[in-house]
Amino acid sequence: GKGNHAHFMHKEIHEQPTVIGYTLHRMIDAAAGRVALSDLNVDLSAIRRVQLSACGTAALAALTARHWIEGLAGIPTSWDVASELRYRAVPMSGTELGVFVSQSGETADTLGAMAQAQSAGAHTLAITNVAESSMAREADDVLLTMAGPEIGVAATKTFTCQLVALACLAMAIGRARGVLGEARESAFVQALSEVPSRINDILGREQQLVTLAETIAPARNVLYIGRGMSHPLAMEGALKLKEISYIHAEGYAAGELKHGPIALIDGSMPVIVVAPRDALFPKTLSNMEEVLARGARVLLFTDAEGAEEADRPGVESFVMPAIDPLAAPLLYAVPIQLIAYHVALQKGTDVDQPRNLAKSVTVE
Ligand code: M6R
């Protein structure tokens, strides 16, 4: 049941510290400060390219992981949504690792893309939340997320658990290839193990997000922007908002704004800026200035120092806990989910069972 929560989605958002903890427990050796994916058969040192694929929110977890795999394992990494990948003639071979991410393990397009990769000779790895699923059965290797059943149609806790698994996979590839130093690995493992308590901190300040949602709820269009690993998060924020509140939203790479979408900006279009204080922060800040100059109201997610630096008329900030930028997507996912949830609640839409959507898309 929903316990004392009004919706499954709310319960599932609040379960994240616990289930991220379970997933981490399976994948890291916290005492040693190392990743420990003992279930894998594949020889990761032999992999020459990684192909990531999935649908919807799982695809956005995979897109986030491209940054981790390229950055920590130094290996070429491609990404495409499964409905496209499965019909493209992507050259693959035995030195290719195909990583397919799916909460349900039953999504038709993801299964199709995985079968195609398998027949092309790639080694396939499924990241799924359902041990008995078709994907878990058919893949050469499986990493199980420990999110528990997710009932709300909007993916929340399974997204952050997928991020945990993907971050650990990136480290495992980096180590197998001899390119990830021990210090870097233990710093990232340490940051990941701090995520549950940092999320608790955010959940304790949910009331602030309720107030911020009131400024989003009346909008007809919302733009989310971010750079680097915050770009897939911007897309995830827009997807969450669209699917449960029916507000039109776009997630854009902040640097692409001036190539078109900035034409849309006026005082009626809120812009949500996802900007952890990483190397790209100053660049995102200048994109924020550009939308402010066109009259947009800005909702900014950043940490205390970032909020101070970005303090300007027209900017409302939600102050995030400080975290190693590598682990930021796991934290920044949470207020993005809660904003969508509270906007939907304020609009009175059906949060757990949005119109036209199914929890698991088992047909093309
Ligand atoms: O079960 P899967 O992870 O394969 O599902 C993929 C998508 O259908 C799913 O993430 C969908 O986008 C969610 N409703 C988003 O909240």
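A quick note: this is a predicted structure, and the numbers were derived from the prediction, not measured. Atoms within a ligand are numbered from 1 in the order they appear, just like the ligands themselves.
- Nearest heavy atoms, Ala333 versus Phe159: CB-CE2, 3.7 Å.
- Heavy atoms of other residues, nucleotides or ligands lying less than 6.0 angstrom from CD of Glu182 number 12 at most.
- Salt-bridge formation is not detected for the pair Arg48/Glu96: no Lys NZ or Arg NE/NH1/NH2 atom is positioned less than 4.0 Å from an Asp or Glu carboxylate oxygen.
- Within 4.0 Å of ligand 1, heavy atoms belong to protein residues Cys55, Gly56, Thr57, Ala58, Ser102, Gln103, Ser104, Thr107, Val153, Ala154, Ala155, Lys240, Glu243.
- The structure places OG1 of Thr158 at 5.0 Å from CD of Gln162, a figure rounded to the nearest 0.5 Å.
- Between His7 and Tyr341, the gap from one ring centroid to the other is short of 6.0 Å.
- Under 3.5 Å, the side chains of Glu12 and His5 contain no donor-acceptor pair of N or O atoms.
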